[in-house]
Colleague: 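Please find one structure pasted underneath; my questions will follow.
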Protein chains: 2
Amino acid sequence: MRTPSKSKLQMADIARLAGVSTATVSRALSGSKLVNDETRKRIEELAGSLEYTVNIGAKNLRSGDNRTIAVVIPYQSSARQTLCDPFFLSMIGELATVLTENDYEMLLSRVDENDMPTIGSLYTGGRAAGIIIIGQWHHHDDLNALAARGVPMVVWGSKLEQQVYCTVGSDNELGGLQATSHLIKLGTKKILFLGDVELPEVASRYKGYCKAHKKARLAVNPQLCLSVSFEAGLARQSIANHFSEEVNFDAVFASSDLLAVTAISALNELGIRVPEDIKVVGYDDIDMAQHYRPSLTTIRQPLELAGPEILSVLERQIRGERVVSSLLPTSLEIRESSGFEDGQHAG
Amino acid sequence: MRTPSKSKLQMADIARLAGVSTATVSRALSGSKLVNDETRKRIEELAGSLEYTVNIGAKNLRSGDNRTIAVVIPYQSSARQTLCDPFFLSMIGELATVLTENDYEMLLSRVDENDMPTIGSLYTGGRAAGIIIIGQWHHHDDLNALAARGVPMVVWGSKLEQQVYCTVGSDNELGGLQATSHLIKLGTKKILFLGDVELPEVASRYKGYCKAHKKARLAVNPQLCLSVSFEAGLARQSIANHFSEEVNFDAVFASSDLLAVTAISALNELGIRVPEDIKVVGYDDIDMAQHYRPSLTTIRQPLELAGPEILSVLERQIRGERVVSSLLPTSLEIRESSGFEDGQHAG
DNA sequence: CTGAAAGCGCTAACAC
DNA sequence: GTGTTAGCGCTTTCAG
């Protein structure tokens, strides 16, 4: 795949045209002070008009610098799902913005969950200065191994015990507490928790759910925890099955907005109204949450804080500093699905 | 930002440890046939256990190969909006999947629209083998200039007259025709078109809108074309203003689902019901379209075809072949917002 | 201030 | 089969 067209312009060409050496061109173009202003100007104009750009690969190789950050999105090969959760998609958009603004390039990789152990090669192979992993899923051990090898990395997820790697995430336990307390205050007693508690982030949300019960001196009924996949397709069936059996709850706390929406659809199909019959709270505050009918009461994860924080932590790690995991605040966005008529947030 | 930690393993280390030359290591690791099976095995095991990976930058530099594709998302610096349109977000996810599956790396760049002329440097600077640009917006001239310079590139958008560059896009005119014909068949006579007709893709959709009128021997009323920005925030105000003045239409064809949703909210706030009072058809078939209430009748763009087609066209271009722009079929997804009760597609 | 020369980590002729 | 050698395009000492 060698470039078939006319071979590209290189520094030597500019040097010849400007009547100087490549060293001078290099200096001029990298803003070094050790170049005569006139010479610099001539070179800059030449490079500009000829649309010459330095070869970044060669530059990196020689200088040892690297301003590329790899963003990894694990996926299950079994499901071969295309990336669909809007929250993760938004996260990618946010990261793209933040990295660009800070003069980094973003390498986006979807990797099969079975290949997780290999992603360190993005760093060891010199491809990227550091790695951002979106979602920790079931990869706790892989991630620990990676970190132990000294790969600069940040994981979007929950802080766990015995964790070598570093996470940035919203305070899932707080979020779970906020959501559940809100429902309890509204007078509901039997709150169904929806989500795959095998996932660390979801487990934390469930922990918050339990905490809220304790605070209100309510017992937690383990039967009210329905473990469904994060993936909407599979979840739908599972939810529908459960609901049709016996509706022994008066509220739902779903661990993602996608799940909340799926639940509401399933309920509606059974002739159950939200929020009149059953109140629902979601999680994430994706764009759809405001637009959906009923609009979704949900726990907002501060996406606009996440990008800068992730980068900041990663940068410190690249510099070799010791870093600690970071927790972002969540907030309750009250909308219609928990009983409010007004779509404005009031939380 | 030279790597602060222990310097990374390189090919020479593996060579020394295996008692061979770097050339042999290189051959063994790149699957060349010219190497003894035993030697290869020894080298592979060594590399595996030491977690060595070849430095891709150096490899590219030397071999002239490059399997990185740049994906560019233009944005308006004025708005400093974070990437929000779900359709583009999904497109990124789709591209990430397709590129990964084909063993490419994906470099994601958000670029300020003023910097569009500079994106060619991704190619000329050796950063990427080709460029995918998502959305042509107002950049027709910039894109033409880029293509004229011989940069391998594909633009997701509409085919225009006097176009040097190559596009892949859905058949916007057909989509506009399908949407409008559907509404006409339903008996509506005054269909408001919503969208920024300055944008090529939207212009094509409007062209289809006009064509549908012609087919049905209806006159096109230019007053029924409300030019609103693609961006939801700005659009909302504009739509609300228009609607409150005088509702002189009985249907809306919005050039994106986001716009459709915005329009429905605005109508609802005025006490106008969809689809009872006014029927609405959107465009894109984003995920939300099914979940929204009322669910959105919309024109589906075949995202799952887009990724492979874009890559295929780009690859041919990288190989130096001549390519033609490509048009993907659209389809009508009939749902509640145009008057159906049932969420199933019947298009 | 500028140039000559060495080499970043790797691959590809060319020898043997 | 394998080693030797020469660079890919650039930056950076080190002399001047």
Side-chain angles (χ1 to χ4, degrees), chain A residues 1-3 6-44 47 50 52-68 121-129, chain B residues 1-3 6-44 47 50 52-68 121-129:
Chain A
M1 204 170 298
R2 178 162 236 119
T3 326
K6 64 235 172 216
S7 82
K8 295 176 194 168
L9 210 58
Q10 30 184 101
M11 196 172 272
D13 300 313
I14 305 292
R16 195 165 9 82
L17 263 34
V20 294
S21 71
T22 59
T24 303
V25 176
S26 172
R27 281 192 275 255
L29 260 30
S30 64
S32 159
K33 289 279 161 207
L34 306 89
V35 164
N36 187 349
D37 275 352
E38 275 186 39
T39 318
R40 144 170 303 111
K41 210 175 156 197
R42 196 168 73 246
I43 292 172
E44 278 175 348
L50 265 47
Y52 166 76
T53 348
V54 299
N55 181 313
I56 304 175
K59 178 196 175 112
N60 285 352
L61 179 57
R62 176 60 233 231
S63 66
D65 251 28
N66 190 339
R67 290 196 71 82
T68 301
S121 68
L122 287 166
Y123 170 70
T124 58
R127 201 74 195 79
Chain B
M1 200 170 299
R2 176 161 237 120
T3 326
K6 63 243 174 211
S7 82
K8 293 176 195 167
L9 210 59
Q10 17 185 112
M11 196 172 272
D13 300 314
I14 305 292
R16 194 164 13 80
L17 262 33
V20 294
S21 71
T22 59
T24 303
V25 176
S26 171
R27 283 191 277 253
L29 261 29
S30 66
S32 158
K33 289 277 160 212
L34 306 91
V35 68
N36 187 348
D37 274 352
E38 276 185 39
T39 319
R40 143 170 304 112
K41 210 175 156 196
R42 197 168 73 245
I43 293 172
E44 277 175 349
L50 265 45
Y52 165 76
T53 348
V54 298
N55 182 312
I56 303 175
K59 178 194 175 110
N60 285 351
L61 179 57
R62 175 60 233 231
S63 65
D65 248 30
N66 190 339
R67 290 196 70 84
T68 301
S121 68
L122 287 166
Y123 170 71
T124 57
R127 202 73 195 80

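Computed from a prediction, not measured in an experiment: that's the story for all the values here. Below, read A as the first sequence line, B as the second, and so on, with proteins coming before strands; counting in each chain starts at 1.
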Colleague: Under 4.0 Å from OP1 or OP2 of dG3(D): is there any side-chain N or O of Thr24(B) that close?
Modeller: yes
Colleague: Starting from the 5' end of DNA chain C, give me the residue, Ala58(B) or Ala23(B), whose nearest nucleotide shows up first.
Modeller: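 Mapping each residue to its closest nucleotide by heavy atoms, the 5'-most match is Ala58(B).
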Colleague: Distance from Leu61(B) atom CG to Lys59(B) atom NZ, nearest 0.5 Å?
Modeller: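 Going from CG on Leu61(B) over to NZ on Lys59(B), the span is 13.0 Å.
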Colleague: Is the side chain of Arg40(A) donor-acceptor paired with the backbone N or O of Lys33(A) at a distance under 3.5 Å, no angle test?
Modeller: no
Colleague: Can any side-chain N or O of Asp13(B) pair as donor or acceptor with the backbone N or O of Gln10(B) at less than 3.5 Å?
Modeller: yes
Colleague: For Arg42(B) and dG1(D), give me the distance from atom CZ to atom C1', rounded to whole Å.
Modeller: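 To the nearest whole Å, that distance equals 12 Å.
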Colleague: For a 4.5 angstrom cut-off between non-hydrogen side-chain atoms, does Arg27(A) reach Thr39(A)?
Modeller: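 Side-chain contact under 4.5 Å: no.
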Colleague: Any sub-3.5 Å donor-acceptor pair from Lys8(B)'s side-chain atoms to Tyr123(A)'s backbone N or O?
Modeller: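 A pair under 3.5 Å: yes.
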Colleague: For dG9(D) and Tyr52(A) - does any side-chain N or O of the residue sit under 4.0 Å from the phosphate oxygens OP1/OP2?
Modeller: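 Checking dG9(D) against Tyr52(A), no side-chain N or O comes under 4.0 Å of OP1 or OP2.
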Colleague: Measure from CG on Asn60(A) to P on dG9(D) and round the result to the nearest Å.
Modeller: 15 Å
Colleague: For a quick check, tell me whether the side chain of Arg62(A) and the base of dG7(C) share a donor-acceptor pair closer than 3.5 Å.
Modeller: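 Answer yes: a donor N or O sits under 3.5 Å from an acceptor.
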Colleague: Between Gln10(A) and Arg27(A), which has a closest nucleotide on DNA chain D that is more 5'?
Modeller: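 Result of the comparison: Gln10(A).
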Colleague: Rounded to the Å, how far apart are Ile56(A) CD1 and dT11(D) P?
Modeller: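 Atom CD1 in Ile56(A) sits about 11 Å away from atom P in dT11(D).
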Colleague: Starting at CG of Asn55(B) and ending at P of dC10(C), how long is that distance when rounded to a whole Å?
Modeller: 5 Å
Colleague: Grab the NZ-P distance between Lys59(B) and dC10(D) for me, whole Å please.
Modeller: 21 Å
Colleague: Regarding Thr39(A), tell me which of base, sugar-phosphate or nothing describes its non-hydrogen contacts under 4.0 Å with the strands shown.
Modeller: sugar-phosphate
Colleague: For Leu61(B) and dC10(C), give me the distance from atom CG to atom C1', rounded to whole Å.
Modeller: 8 Å
Colleague: Closest approach to the side chain of Val20(B), judged atom by atom: which nucleotide of dT11(C), dG3(D), dG9(C) is it?
Modeller: dG3(D)
Colleague: Output the rounded distance in Å from CG (Asn66(B)) to P (dC8(D)).
Modeller: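 My rounded result for the distance is 18 Å.
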Colleague: Of the listed nucleotides (dG1(D), dG3(C), dA6(D)), which one gets closest to any side-chain atom of Asn36(B)?
Modeller: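 Closest of the options to the side chain of Asn36(B): dG1(D).
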Colleague: What's the CG-C1' distance between Leu34(A) and dG16(D), to the nearest Å?
Modeller: 14 Å
